[in-house]
Amino acid sequence: MDTSLAILLSMLLPAAAVVANLIFRNSPNLRDGLTLGAAIATFLVVLNILATVGNTTTDTFVLLEVMPGLALAFNVEPLGMMFAILASGLWIVTHVYGIGYMRGNNEDDHARFFACFSFAIFSVMGIAFAANMFTLFLFYEILTLSTYPLVAHKGTLAAVKGARTYLSILIGTSIGLQLVAVIWTFSIAGTLDFTRGGILEGLIAGPPVAILLALYAFGIGKAALMPFHRWLPAAMVAPTPVSALLHAVAVVKAGVFTMLKVGIYIFGIDFLAATGASIWLMWLAAFSIIASSVIALTKDNLKARLAYSTISQLSYITLGVALATSMGILGGSLHVVMHAMGKITLFMCAGSIYVATHKTNISQMTGLGRAMPITFIAFLIGSLSIIGLPPLGGSWSKWLLIMGAADAGQLAMIGVLLISSLLNVGYLLPLVGKGFFLTAPNKTGPTKFAESPTLVWAPPAFTAFGCIILFFYAGHIQAFLMPIIAAP
Amino acid sequence: MATQTVHHTAMTLSDHLPILQILIPFIAAPLIVFIGQRKLAWPIAFIASATSFVIACLLLSKVIGGSVISYQIGGWAPPLGIEYRVDAANAFVLFLVTGIATLVLPYARQSVGSEMPHQTQTLFYALFLLCMTGLLGVTITADAFNVFVFLEISSLSTYVLIAQGSYRDKRALTAAFNYLIMGTIGATFFVIGLGFLYMATGTLNMADLADKLTGQYESRTVRAGFAFILVGMGLKVAIFPLHFWLPNAYTYAPSAVTTFLAATATKVAIYVLLRFVFSVFQPAFLAETSTLEIIFYPFALLAMFAASFTAIFQRDLKRMLAYSSIAQIGYMLLGIALLSETGLMATIIHLFNHGITKAALFMGVGAYVLRSGSSFYVQIQGLGKTMPWTSAAVVIGGLSLIGVPGTAGFLSKWLLVQAALEQGYWPISMLIVASSLLAVMYVWRLVETLYLSTPSSEQTIQEAPLSMLLPLWAMALACIYFGFETDITLGAAKAAAQALLAGSSGMMN
Amino acid sequence: MHFFTSEFFFGHINYWLFIVLMMTGLYIVIGKGNLVKKIVGLNVFQTSVFMFYISMGKISGGTAPIFPLDGKYNPEIAYSNPLPHVLILTAIVVGIATTSLGLALIIRIREEYHCIEEEEITVIEDAVFRREYLQAKSQGETL
């Protein structure tokens with residue numbers, strides 16, 4: 001298949017799923033079946049692109065030119081390829097899980113929910129294959145808008161307020177800071193194309209580089225860099241499949257993906273390293289890692305704890321960019337995959353517990369492990385991957401990040417990464433421990449086997465398995481990503 | 001178009017397009033009154049405006065490349081005779097005005113039918129055409145005094161149109177009266193300014209004026225004239241401290257009228273301002289007097305913030321949109337004040353984009369008024385579910401108002417920020433995006449009201465009729481279409497900006 | 001600039017009168033609460049502009065710009081400029097239209113409000129606003 005056609009198809013299929021959900025809003029099985037079909041087809045199309053293109057960078061194909069020099073254009077390059085596979089693959093899993101969760105939990109308005117969900121995937125595909133910053137920004141904003149109804153889905157006052165925070169931070173940072181950064185870049189470089197080695201070298205120097213980087217770093221609110229992280233816990237009010245999508249796959253990964261793209265293709269690693277403009281970002285990311293881990297320790301609500309954990313893990317990736325070394329970039333990119341797999345497992349487990357018992361707080365989950373062994377074992381595997389223990393995927397990305405820090409001569413950052421791992425242990429493992437080894441006070445919890453419905457527990461089990469698989473294939477992914485750090 | 005040759009003159013019908021642009025609605029208006037049939041009024045009005053739209057398209061296609069059509073009324077050569085002059089800048093405005101009119105009319109049929117008694121509807125269409133004639137005339141003429149005459153034609157009919165809202169809310173009358181007082185003062189100031197210019201030059205043709213004014217910029221007479229014209233037009237434009245007529249007029253006028261006025265009237269006034277500030281007076285004059293720094297920047301920025309802020313706290317959707325219009329006018333002024341090609345392009349393109357955006361939004365409001373009886377937030381709570389099509393279109397309009405990428409509004413904002421950055425005005429570019437965030441707040445309040453609130457009344461509300469939905473969606477889709485397809489908008493804006501910045505040379509050739 | 005000379009006052013007497021009339025008109029429009037008086041003020045204001053234009057066309061010693069029928073006019077004779085006068089004819093027509101429309105509006109306002117004093121109208125409108133506000137509150141308006 002022609003690559004440009006395949007790219008379009010990978011975006012049109014989710015868009016078709018949106019339409020299908022709206023048309024067949026009253027026949028649930030047909031609707032969900034069609035969406036699942038679209039998800040699988042999208043995944044196949046993306047795999048097809050992978051098969052034809054591999055890890056080369058294709059020519060840009062321009063859909064239409066909006067203004068001279070500003071085009072809606074797409075191409076395939078390794079980082080985007082990886083993101084597309086990740087998103088489309090996990091869409092299938094999340095969709096299956098979503099069907100089980102929404103039905104098992106008797107939520108309303110399934111059609112609107114899945115329509116927005118598919119729409120979000122549509123924009124993620126646009127982000128993954130964007131060939132310039134303008135296209136990326138366009139889909140970045142569509143993603144924010146399409147996930148807003150998902151956060152507000154329950155329609156309660158808490159949901160409305162949470163959604164308001166979600167939107168105001170994401171739109172506020174993107175229009176208030178990122179847009180200015182993009183236009184600024186355009187006015188000095190005259191182009192926004194993602195170019196290996198960056199487009200800014202020689203055109204800007206001194207403090208403005210750091211300012212521009214700051215506009216990007218804070219403007220990409222989806223990367224949840226402190227102090228613009230508040231939207232993530234606020235979006236906690238959403239149904240769990242959304243949290244899984246938001247916090248593991250689509251939204252936060254779109255954020256750090258943008259961060260990586262900006263670091264690699266707008267600034268260029270060498271340019272960043274040479275100007276030292278990213279040193280402050282490194283320290284801020286380090287602060288973000290430690291601070292949010294500490295906050296996570298204090299949260300009793302499981303989803304809130306996971307949200308703060310996500311903030312911390314996203315800053316790993318930002319840290320990878322800020323180190324401005326090849327290893328750091330590689331580690332950050334790899335962490336996109338590893339964290340996605342681990343965190344989606346954890347969120348789906350949280351949802352599974354909620355569907356089965358309607359419990360949200362960790363203190364109430366004592367003894368649940370024996371009743372829901374599959375969920376809890378999946379949770380354990382996901383946790384270990386996030387902590388970074390072999391033989392789980394997360395260990396590789398952390399290893400590469402530590403190497404990157406050593407390359408950059410930032411020994412303090414190695415310390416930060418190690419302390420953070422200890423904190424991860426501190427906030428993730430107690431739940432598993434309590435679940436398996438303690439009994440609930442007054443024996444209120446279920447004692448015999450009481451797993452959630454199959455469609456709800458199977459997906460996290462699957463992704464937990466994925467965490468193990470990734471450990472053995474990390475080398476392949478790393479090799480796949482090598483071109484992005486190759487000299488231009 | 002048939003090129004019917006008139007014997008002995010060798011002039012074809014297509015040579016007469018500039019005058020036909022004005023004449024067709026101008027003759028159709030009294031025709032409606034003479035026929036006096038309510039059933040015939042709408043078709044006549046629609047045919048007249050559709051024909052005007054076709055003419056405007058033809059004119060635009062002729063001049064978008066940068067050429068200029070000059071038409072002499074009655075064969076009297078300028079500067080003594082009245083000249084109509086079509087270039088990229090005003091052909092674009094003609095295109096906007098006639099296009100909006102042609103879409104508002106199908107919409108108006110149902111909306112006007114529900115908001116006005118039968119006996120006044122015939123006259124409504126006549127007035128609508130007159131108002132349109134006035135706006136078109138202001139745009140197309142190259143004679144300064146002719147601008148005043150057409151301005152008054154459109155203004156007088158506008159006052160009456162606004163007063164028609166009195167069948168729904170009696171405050172329309174006082175709104176119309178206040179607008180009449182303010183509008184007349186504005187128009188008279190404009191005439192005084194023209195008088196000063198005439199004293200200094202002895203001519204009223206714009207190109208001639210521009211020519212003879214060069215070298216007289218030190219003259220107090222000329223400067224006083226400039227000040228009077230600026231304030232007079234400022235009233236019509238609703239530049240920030242001169243905007244007090246606007247919120248009430250927009251709120252209480254019939255929905256169809258508000259749609260038309262919001263999308264065209266202030267835009268035409270901005271165009272006149274551009275014409276006078278850049279063509280009649282030269283950019284050199286602006287650089288010499290510090291009008292831009294003292295008047296335009298502060299008031300544009302004040303408008304962007306004060307009016308947006310006020311908009312957030314309204315309890316009537318229509319009034320909220322009115323305040324948002326004042327804020328958006330601030331953006332256009334800012335583009336003028338930047339005094340660069342990109343800045344002017346931003347102004348001209350925003351003039352168009354904001355026109356279609358506001359048209360979509362006000363059409364949505366009209367649909368809500370038709371179905372729920374009012375446009376108060378409490379009355380439209382939860383209508384996202386009962387009127388899904390209307391609400392979806394309104395949301396698209398709202399996104400374009402914010403300037404979300406992929407909508408028309410985004411392009412204008414992009415150009416404006418770029419223009420500010422080109423000049424190195426850092427703080428201003430930050431202020432532009434900051435005020436967009438205020439737009440996010442008021443638009444999102446609307447979205448939450450529509451989709452996340454429980455309906456306040458039990459009665460079942462139907463979706464708006466197709467005759468209103470189609471124009472509404474045409475506008476909403478235009479908001480998206482012009483967000484991607486920019487050949488027309490950007491092309492015209494670029495040609496117009498270059499012509500305007502070239503000063504009188506743009507007028508002379 | 002020769003301020004405060006007799007030439008400054010008497011040489012520009014038409015402008016001084018224009019300014020006085022214009023300010024009087026504007027003051028009435030702004031200062032008076034009665035709607036009819038506002039319209040009267042508007043008229044005075046517009047008339048001042050008419051005077052301004054007409055005086056502008058006058059040339060010292062100039063006569064009425066009427067050509068002899070036989071077309072043999074004497075180049076020695078100075079004519080006043082007729083153009084501003086013609087322009088002002090149009091402006092007068094516009095002024096009349098504005099005045100009549102304003103008065104018609106006042107009649108309608110009186111029918112609806114039963115008064116034509118700005119202050120009383122404001123009181124009535126404020127009451128309507130307050131009623132709308134209370135109604136919105138009672139229906140559970142969320143801000």
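Labels below follow one simple rule: chain letters A, B, ... track the order of the sequence lines, proteins then strands, and each chain is numbered from 1.
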(message) So which atom in A:V180 and which in B:L421 form the shortest heavy-atom distance, rounded to 0.1 Å?
(response) O-CD1, 4.2 Å
(message) Looking at every non-hydrogen atom in both residues, tell me the closest pair between B:P405 and A:L138 and how far apart they are.
(response) C-CD1, 3.2 Å
(message) Let's test your reading of the structure: which of A:L70, A:I142, A:V182, A:L177 forms the most heavy-atom pairs below 4.5 Å with chain B?
(response) A:L70
(message) Check this for me: B:F305, atom CZ, are more than 12 non-hydrogen atoms of other residues, nucleotides or ligands nearer than 6.0 Å?
(response) yes
(request) For B:F482, enumerate each residue passing the ring pair (Phe, Tyr, Trp, His ring centres under 6.0 Å) test, keeping only those at least two apart in sequence or located in another chain. (result) B:F352
(message) Quick check for you: to the nearest 0.5 Å, what is the distance between A:L145 atom CG and B:I402 atom CD1?
(response) 7.5 Å
(request) With the side chain counted from C-beta on, respond yes when B:F410 and A:V66 share a heavy-atom pair under 4.5 Å apart, and no when they do not. (result) no
(request) Sort A:L157 into side chain, backbone, both or neither according to what part of it lies under 4.5 angstrom from a heavy atom of chain B. (result) neither
(request) Under the ring pair (Phe, Tyr, Trp, His ring centres under 6.0 Å) rule, collect the residues that match up with A:F257, sequence neighbours excluded. (result) A:F83
(message) Quick check on B:M441: does its CE atom have over 12 non-hydrogen neighbours (other residues, nucleotides or ligands) under 6.0 Å away?
(response) no
(request) Tell me, for A:I188 versus chain B, whether the close heavy atoms (under 4.5 Å) come from the side chain, the backbone, both or neither. (result) neither
(request) Please state whether the side chain, the backbone, both or neither of B:V417 comes within less than 4.5 Å of a heavy atom of chain A. (result) both
(request) Measure distances from A:L72 to the heavy atoms of chain B and classify the residue's part below 4.5 Å as side chain, backbone, both or neither. (result) side chain
(request) Heavy-atom distances under 4.5 Å only: say whether A:L64 touches chain B with side chain, backbone, both or neither. (result) side chain
Just list the donor-acceptor pairs under 3.5 angstrom between chain B and chain A, please.
| from | atom 1 | to | atom 2 | distance (Å) |
| --- | --- | --- | --- | --- |
| B:W444 | NE1 | A:Y148 | OH | 3.0 |
| B:E448 | OE1 | A:R164 | NE | 3.3 |
| B:E448 | OE1 | A:R164 | NH2 | 2.7 |
| B:E448 | OE2 | A:R164 | NE | 2.9 |
| B:T486 | OG1 | A:V66 | O | 2.1 |

(request) Using ring pair (Phe, Tyr, Trp, His ring centres under 6.0 Å) as the criterion, list what pairs up with A:F122, not counting sequence neighbours. (result) A:F119, A:F139
(message) Given heavy-atom pairs under 4.5 angstrom as the criterion, report whether the side chain, backbone, both or neither of A:L215 touches chain B.
(response) side chain
(message) Out of B:L415, B:I432, B:L411, return the one with the most heavy atom pairs under 4.5 angstrom to chain A.
(response) B:L411
(request) Give the minimum heavy-atom separation between B:V433 and A:G176, together with the two atoms involved. (result) CG2-O, 3.5 Å
(request) Under 4.5 Å heavy-atom distance to chain B, tell me which part of A:L179 shows up: side chain, backbone, both or neither. (result) side chain
